[in-house]
Amino acid sequence: MSFSNEIDHTNANEEIDFGNMPIANAFYKNQIEHNTFNMTVGFFESCKLVQLKTQPEASEMFNEDYAFITGTSQSMVNHFHNVADHLNKKFSWSGSSVVMEIGCNDGSFLEKVMEYTKNTIGVEPSSNVGDMAKKKGIEIYTEFFGSNFSEINKFKNKIETIYAANCICHIPDINDVFSTAEDLLSENGYFVYEDPYLGSMLSLGSFDQIYDEHTYIFSVTAVSKLAKKHNLKLVDCEWIPTHGGSMRYYVTKSDDAISDNVKNWLDYEDIFISLSNFKFFKDQIKFAGDVLKSKLNSYKEKGIKVYGFGATSKSTTIMNYFGIDNSLIEKIYDNSPTKIGCITPITNIPIVSDSEWYSDKPEVVFLFAWNHRKEIEKKYNFSNSIKVLTHLKGDIESTI
Ligand code: TMP
């Protein structure tokens, strides 16, 4: 495998080496020999950023086989419909407003935006999900966002809102993203994006946010500095609970004032996102792995089967870092048609339809889709007697 992105980590204050990892979303029907890459991240204290050191080629990760479909989670669909309403309230879109989404997946956000303006544009390199959005009437460009965007001249200075969710952190050339956004935005236009938040990852111990697709785990400090570099300004931000804690950033060309939100989060990060806290995180996740491995082995010795829930991309990091494979977990339930019947990369755990959950009646579940915990526990009627395992800081104590 070749790497598009060998980032200079000489200035990293600390690194974590997670060992060799496959493509996180490489769910195939049969066992194959997976290409792997060494997954190491660096922590950069001055800009409060976590960044992958090497990354597979983008085409290896985002292609016509892309396995994640937003519509498989009703709570995510609701989330995107609410975001569309929220942004419309904030920006008062008119029928002529042009709204673009970078990485629009199946169009769950833009379909709601179409209630306010029909000028919706999706830039989505994965054709399988992009085609779903096209069927909803959204103008789709099957390509990567950046200065090579084929219609850059057509939309220059015309876009009122550029939105992205769980996407910008995937794009290695972040400077190109910001300068292209600057090119495309109208005079008072806003670039709004949300991604997993570094502060939340450190508090929860949710290191599984780190996988091949996530080049960056951002903070308010990092985005504020990036915006400045590209003649833009981070004027607002909102913490949101998706993925256990994400931040929505509002970046603009306009001379709007910087909100107290931004100032407060910058103060918080000055204290909390420190080198010592990152080093603690590094030790803590290693400890979580030791505890979980010994717990899974003791269940095995007692003949108690452990089942997984949610064949998430991020579970690839957990399983491969901790060494949890099909000898410790029987199968993983999932409702994504693209994943059912496949096995997890390298660890070879079968992924089965979530309908099997009801007949198996598991006693112990490893909840890989921990970020959908409420929705899953409710939908699948989890009883109080089911033991739920996760690698998160708050759950590890009940595991010991
Ligand atoms: P995500 O954390 O990347 O959103 O992935 C969640 C995975 O969990 C996805 O493969 C679908 C699966 N899932 C279910 O099987 N049932 C559910 O009710 C939900 C919410 C997710």
Side-chain angles (χ1 to χ4, degrees), residues 5 7-18 39-55 164-179 181 191-211 213-252 258-285 314 317 392-393:
N5 194 26
I7 296 155
D8 179 9
H9 267 207
T10 40
N11 290 328
N13 302 91
E14 182 72 19
E15 286 187 336
I16 306 177
D17 182 348
F18 290 94
M39 195 169 84
T40 296
V41 288
F43 173 67
F44 297 82
E45 195 178 23
S46 64
C47 54
K48 311 217 182 268
L49 183 70
V50 163
Q51 188 175 25
L52 279 181
K53 196 168 187 175
T54 54
Q55 209 179 10
N166 311 313
C167 173
I168 300 305
C169 67
H170 293 71
I171 308 178
D173 195 346
I174 190 67
N175 287 301
D176 190 54
V177 170
F178 272 67
S179 67
F191 174 31
V192 182
Y193 79 90
E194 59 195 64
D195 269 326
Y197 175 54
L198 178 54
S200 303
M201 182 179 91
L202 298 184
S203 331
L204 292 174
S206 50
F207 71 92
D208 50 331
Q209 292 300 351
I210 299 167
Y211 57 94
E213 295 177 22
H214 287 179
T215 318
Y216 304 101
I217 310 289
F218 290 113
S219 65
V220 176
T221 309
V223 175
S224 172
K225 288 189 179 211
L226 253 170
K228 234 180 242 166
K229 191 171 162 191
H230 294 280
N231 300 320
L232 295 163
K233 203 163 50 160
L234 175 72
V235 290
D236 204 2
C237 63
E238 290 162 349
W239 185 91
I240 48 172
T242 38
H243 301 294
S246 297
M247 192 63 81
R248 184 178 298 141
Y249 305 98
Y250 291 84
V251 172
T252 183
I258 294 176
S259 70
D260 284 347
N261 276 342
V262 172
K263 292 175 190 158
N264 292 340
W265 279 104
L266 289 174
D267 287 347
Y268 166 82
E269 291 181 359
D270 268 347
I271 308 283
F272 186 71
I273 306 185
S274 61
L275 180 57
S276 57
N277 207 0
F278 187 77
K279 285 183 175 169
F280 174 76
F281 167 81
K282 179 177 176 175
D283 291 342
Q284 189 272 327
I285 61 178
K314 46 190 185 297
T317 296
L392 302 179
K393 230 192 242 177

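Both backbone and side-chain heavy atoms feed into the values below; hydrogens, waters and symmetry mates do not.
Taking CD1 of Ile168 as the reference point, atom OH of Tyr216 lies at 11.0 Å (rounded to 0.5 Å). Rounded to the nearest 0.5 angstrom, Lys229 NZ and Asn231 CG are separated by 11.5 Å. Atom NE2 in His243 sits 11.0 Å away from atom CG in Asp208 (nearest 0.5 Å). Taking OG1 from Thr40 and CG from Asp17, the interatomic distance works out to 3.5 Å, rounded to the nearest 0.5 Å. Taking CG of Leu198 as the reference point, atom CD of Gln51 lies at 12.0 Å (rounded to 0.5 Å). The structure places CG of Asp173 at 7.5 Å from OG of Ser179, a figure rounded to the nearest 0.5 Å.
Pairing each heavy atom of Asn166 with each of His170, the nearest pair is O-CE1, 2.6 Å. Nearest heavy atom pair, residue Ile217 against residue Leu49, reads O-CD1, 3.6 Å. Across every non-hydrogen atom of Ile210 and Met39, the tightest pair is O-CE, 3.3 Å. When all heavy atoms are compared, the tightest approach of Ser200 to Gly245 is OG-CA, 3.5 Å. For the pair Ser219 and Ala222, the tightest heavy-atom approach, listed with the atom from each and the gap, is OG-N, 3.1 Å. Here the closest non-hydrogen pair linking Lys282 and Glu14 is NZ-OE2, 2.9 Å.
A distance-only check finds a donor-acceptor pair linking the side chain of Ser274 to the backbone of Asn277 [under 3.5 Å]. A donor-acceptor pair under 3.5 Å is absent between the side-chain atoms of Asn13 and the main chain of Leu275, judged by distance alone. The main-chain N or O of Val235 is found under 3.5 Å from a side-chain atom of Ser259 such that the two form a donor-acceptor pair. No donor-acceptor pair under 3.5 Å is formed between the side chain of Asn261 and the backbone N or O of Asp236.
Aromatic ring centroids of Tyr268 and Trp239 lie 6.0 Å or more apart. Two rings, from Phe281 and Phe43, have their centers 6.0 Å or more apart.
Relative orientation of the Tyr211 and His214 rings is tilted, given thresholds of 30° and 60° on the angle between their planes. In this pair, Trp265 and Tyr197 present their aromatic rings perpendicular. The plane angle is above 60°, beyond the 30 to 60° band.
With respect to Thr221, the side chain to side chain donor-acceptor pair (under 3.5 Å) criterion is satisfied by exactly one of Glu45, Glu269, Lys48: Glu269.
Applying the side chain to side chain contact (heavy atoms under 4.5 Å, CB included) criterion to Thr242, with sequence neighbours excluded, gives Met76, His79, Glu194, Ile240, Ser246.
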Evaluate the criterion side-chain contact (heavy atoms from CB on, under 4.5 Å) for residue pair Ile16 and Phe278; output intermediate values, then yes/no. CA-CA 10 Å; Ile16 306 177; Phe278 187 77; 3.6 Å; yes
Please step through side-chain contact (heavy atoms from CB on, under 4.5 Å) for the pair Phe18 and Ile285, ending with a clear verdict. CA-CA 11 Å; Phe18 290 94; Ile285 61 178; 3.9 Å; yes
Run the side-chain contact (heavy atoms from CB on, under 4.5 Å) check on Met247 and Phe218 step by step: do they pass? CA-CA 8 Å; Met247 192 63 81; Phe218 290 113; over 6 Å; no
Is there a side-chain contact (heavy atoms from CB on, under 4.5 Å) between Tyr193 and Cys167 once you walk through the steps? CA-CA 8 Å; Tyr193 79 90; Cys167 173; over 6 Å; no
